[in-house]
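Values below: all heavy atoms of this structure, side chains included; hydrogens, waters and symmetry mates excluded.
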Amino acid sequence: IHIELTQEERTELAARTRSQRMAHRDVLRARIVLLLAEGCSVSSVARQVAKTRKVIRKWGERFVKKRLEGLHDKAGRGREPAFSPCDRSALGKTRLRAA
């Protein structure tokens with residue numbers, strides 16, 4: 001997979017790989033794309049991140065087609081959230097007051 005990054009994309013992906021707050025899966029996807037952009041083979045990236053070649057190809061191809069937007073999960077994937085965004089916001093404010 002041949003990936004050429006713009007400077008903005010490279011900066012954003014590098015920031016994602018250093019993030020302490022971002023979900024692990026998002027950090028992993030950013031790392032995969034950066035390694036592919038550096039010219040690493042699919043097999044080499046798979047070994048480095050301990051994932052299958054199929055996973056590496058999936059995220060590399062999605063990035064090529066949709067760029068940064070392609071690294072997000074498709075709508076409807078995963079478990080329904082237990083709390084709405086409003087509930088999470090209220091919980092966060094409650095935690096801040098309690099601390």
Output the distance between atom [atom1] ([X]) and atom [atom2] ([Y]), rounded to the nearest 0.5 Å.
X   : Y   : atom1 : atom2 : answer
Q48 : S43 : CD    : OG    : 11.0 Å
R57 : I32 : CZ    : CD1   : 12.0 Å
R47 : C40 : CZ    : SG    : 10.0 Å

When hydrophobic residues are tied together by side-chain contacts of less than 4.5 Å, even through go-betweens, does [X] share a cluster with [Y]?
X   : Y   : value
V64 : V45 : yes
V49 : L5  : yes
L36 : L68 : yes
M22 : V33 : no
W59 : I1  : yes

For R67, is the CZ atom crowded, meaning more than 12 foreign heavy atoms sit under 6.0 Å from it?
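Yes, the 6.0 Å shell around CZ holds more than 12 heavy atoms from other groups.
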Give the C-alpha distance, both sets of side-chain angles, the deciding distance and a yes or no for side-chain contact (heavy atoms from CB on, under 4.5 Å) between R62 and K65.
CA-CA 5 Å; R62 279 186 61 178; K65 290 178 185 173; 5.9 Å; no
List, one per line, each side-chain donor-acceptor pair under 3.5 Å for residues 11-18, sequence neighbours excluded.
unit_1	atom_1	unit_2	atom_2	d
T11	OG1	Q7	O	2.9
T11	OG1	Q7	NE2	3.4
E12	OE2	R16	NE	2.8
T17	OG1	A14	O	2.7
R18	NH1	A14	O	3.3

Look at the side chain of R29 and the backbone N and O of L71, then say whether any donor-acceptor pair between them is shorter than 3.5 Å.
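Flag set: sc R29 to bb L71 pair under 3.5 Å.
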Hey, is the main chain of T6 close enough, under 3.5 Å, to the side chain of E9 for a donor-acceptor pair?
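Yes, because the side chain of E9 sits within donor-acceptor range (under 3.5 Å) of the backbone of T6.
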